[in-house]
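The model shown is predicted, which means the values in this text are computed figures rather than measured ones. Here is the naming used below: chain letters follow the sequence lines, and residue numbers restart at 1 for every chain.
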2 protein chains.
Amino acid sequence: MSRSQLPPARLALTVDVVIFRLHDARLETLLVRRAALPHKGRWAIPGGFVHANESLEVAARRELYEETGLKNVYLEQLYTFGDPKRDPRGRVVTVAYFALITGAIQPRAGDDAAEAVWQPINGLPDLAFDHKAILDYALRRLRYKLEYTAVGFELLPDEFTLAELQAAYEIILGDPLDKRNFRRRILEANVIEETGKYRSGQIGPRAQLYRYRSDAVAEVKARRLFP
Amino acid sequence: MSRSQLPPARLALTVDVVIFRLHDARLETLLVRRAALPHKGRWAIPGGFVHANESLEVAARRELYEETGLKNVYLEQLYTFGDPKRDPRGRVVTVAYFALITGAIQPRAGDDAAEAVWQPINGLPDLAFDHKAILDYALRRLRYKLEYTAVGFELLPDEFTLAELQAAYEIILGDPLDKRNFRRRILEANVIEETGKYRSGQIGPRAQLYRYRSDAVAEVKARRLFP
DNA sequence: ACAAAAGTGTTCGATATACACCCATGT
DNA sequence: ACATGGGTGTATATCGAACACTTTTGT
């Protein structure tokens, strides 16, 4: 207990943001190569210190913006990692977030990163600190959420075809889904609506474009979307 | 970014532990009355500062032990609350946990608490800091977990009757369950086993006592226990 | 013409839900 | 004897899974 006055702290707080995107039919995450010690030269999840008067989510969004130039993307707190030995410099507790973005963003290396690149989830390099554990955790959470909620849309552009949406689910969940069952479920879930527009330019018939229904509820006591 | 050296921190880290128990057919949580400023005299979730070389979970277990004398109970990280204004003393980030305990424990007030008492979830008093939000979040998570996993056992003694188990679920989920369906599901889920012993001393037939199967898996891709 | 991809229903098995009585035991 | 509470099975509705063909369009 003893909550009456703040103790002098040798303590730092960071946020790390696992950023996912779909690209070339693969799930990818953004990694930076560390330019400084410790773990200089190793790959890491982008992140940094929380500023003095900044909430955790604002800090995470700031990091995300510095790396990708994106605002207003899907972001969710994941878990807080606080093992006393996780950082050799001292006590550094990190609040991990995960973000889902859309499209082909050129990453920008921050001041502490030599490079920033998209890495496919399969075949990741060794990671600095406990970042492997953080990434594994984020991936589990992404798959879990995808089965229960409509969060998959966050990885697609504003308008998409049902085939593209199904492909996104298949890539992340890792196994094929039945086309007719998929379409029925996603439509009955009432989370997307037709735009009235079509995608053509391909061999075959034009495909109806859909958009996410901003007024969709989902989530609360929702039945599993893909059991 | 700038992760090369630790900044001087005016920052404190606490853990807060929402402790649930079942008592008198009600769900209760342990609250302490604050003995010091800020929020002196108001009710709060038990918690305190994380020590220098202590992991977050160890800190949470220590707080739990100080309040209840219990070790080895169910404990799970909930969420990290870090709004810069949540504590008037300065920047205090708290990692919230929730714990499930069993039986009639006499709470012990810590050094910063004037009293520690069990409060039924319905009709809670005003809480200090952002503790109302933390408690609401914990409650949502408890209900959610109960529907999908077998975590309800953590609120019961080692041996229990099916009627007691069903009552626990009904209290927490808030609506009645069909006796025959409940028994079928919980037995088919294969998470409990007969002890061979019976509870008697009541009017009516003796009730078989069950125990949690320690080798039960559950959780991973488990079907919803009570849809 | 041909290849690629969009769109569309039905059947069958599994699971969830609703529902009522008998009997053992303690008072 | 009576009140309390433990234990048990079935019928129906709903949901999930498997499955194939036709049509459109670009090359």
Pick out the pairs of N or O atoms, protein on one side and nucleotides 22-24 of chain D on the other, that lie under 3.5 Å.
{"unit_1": "D:dT24", "atom_1": "O2", "unit_2": "A:P205", "atom_2": "N", "d": "3.0"}

Trace of the salt bridge (Lys or Arg N to Asp or Glu O under 4.0 Å) decision for A:R211 with A:E193: CA-CA 6 Å; A:R211 78 168 73 86; A:E193 60 188 5; 2.9 Å; yes
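Between B:K179 and A:Q202, the residue anchored closer to the 5' end of DNA chain D is B:K179, taking for each the nucleotide with the nearest heavy atom. The 5' end of DNA chain D is approached more closely, in terms of each residue's nearest nucleotide, by B:A207 than by the other of B:A207 and A:S200.
Side-chain proximity of B:A163 to the nucleotides C:dG7, C:dT17, D:dG6 is greatest for D:dG6. When distances are taken from the side chain of B:R180 to each of C:dA6, D:dA17, C:dC19, the shortest belongs to C:dC19.
In terms of the salt bridge (charged side-chain N to carboxylate O under 4.0 Å, His left out) criterion, residue partners of B:R141 (sequence neighbours excluded) are, by chain and number, B:E76. Residues passing the ring pair (Phe, Tyr, Trp, His ring centres under 6.0 Å) test with B:Y210: none are found, sequence neighbours excluded. Taking the ring pair (Phe, Tyr, Trp, His ring centres under 6.0 Å) definition, one finds that B:F81 meets it with B:Y79, sequence neighbours left out.
Rounded to an integer number of Å, the gap from CD1 of B:I186 to C1' of D:dG7 is 17 Å. Atom CD in B:Q208 sits about 16 Å away from atom P in C:dA24, given to the nearest Å. The interatomic distance linking A:R199 (CZ) with C:dG7 (P) rounds to 12 Å, in whole Å. Rounded to a whole Å, the CG atom of A:D178 is 11 Å from the C1' atom of D:dA20. Remark: P of C:dA6 and CG of A:L177 are 15 Å apart, rounded to the nearest angstrom. For B:R185 and C:dA14, the CZ to P distance is 17 Å, given to the nearest whole Å. Spacing between atom CZ of B:F182 and atom P of D:dG7 amounts to 12 Å, rounded to whole angstrom units. In this structure, the CD atom of B:Q166 is 10 Å from the P atom of D:dG6, given to the nearest Å.
A donor-acceptor pair is defined here as one N or O able to donate and one able to accept, closer than 3.5 Å; such a pair exists between the side chain of B:R42 and the backbone of B:L127. A:R143 contributes a side-chain N or O that, together with a main-chain N or O of A:I172, makes up a donor-acceptor pair within less than 3.5 Å.
Identified under the side-chain hydrogen bond (donor to acceptor under 3.5 Å, both in side chains) test for residues 114-127 of chain A, with sequence neighbours left out: A:R33-A:E115.
Proximity of the aromatic rings of A:F153 and A:F160 is defined here by a centroid distance below 6.0 angstrom, and this criterion is met.
The 12-atom threshold is exceeded at CG of A:D136, counting heavy atoms of other residues, nucleotides or ligands nearer than 6.0 Å.
In this structure, the helix from C:dA1-D:dT27 to C:dT27-D:dA1 shows an angle of 10° between the axis at its start and the axis at its end, each fitted on 5 base pairs and rounded to 10°.
As judged by a 4.0 angstrom heavy-atom cut-off over every strand, B:R184 is placed among the base-contacting residues.
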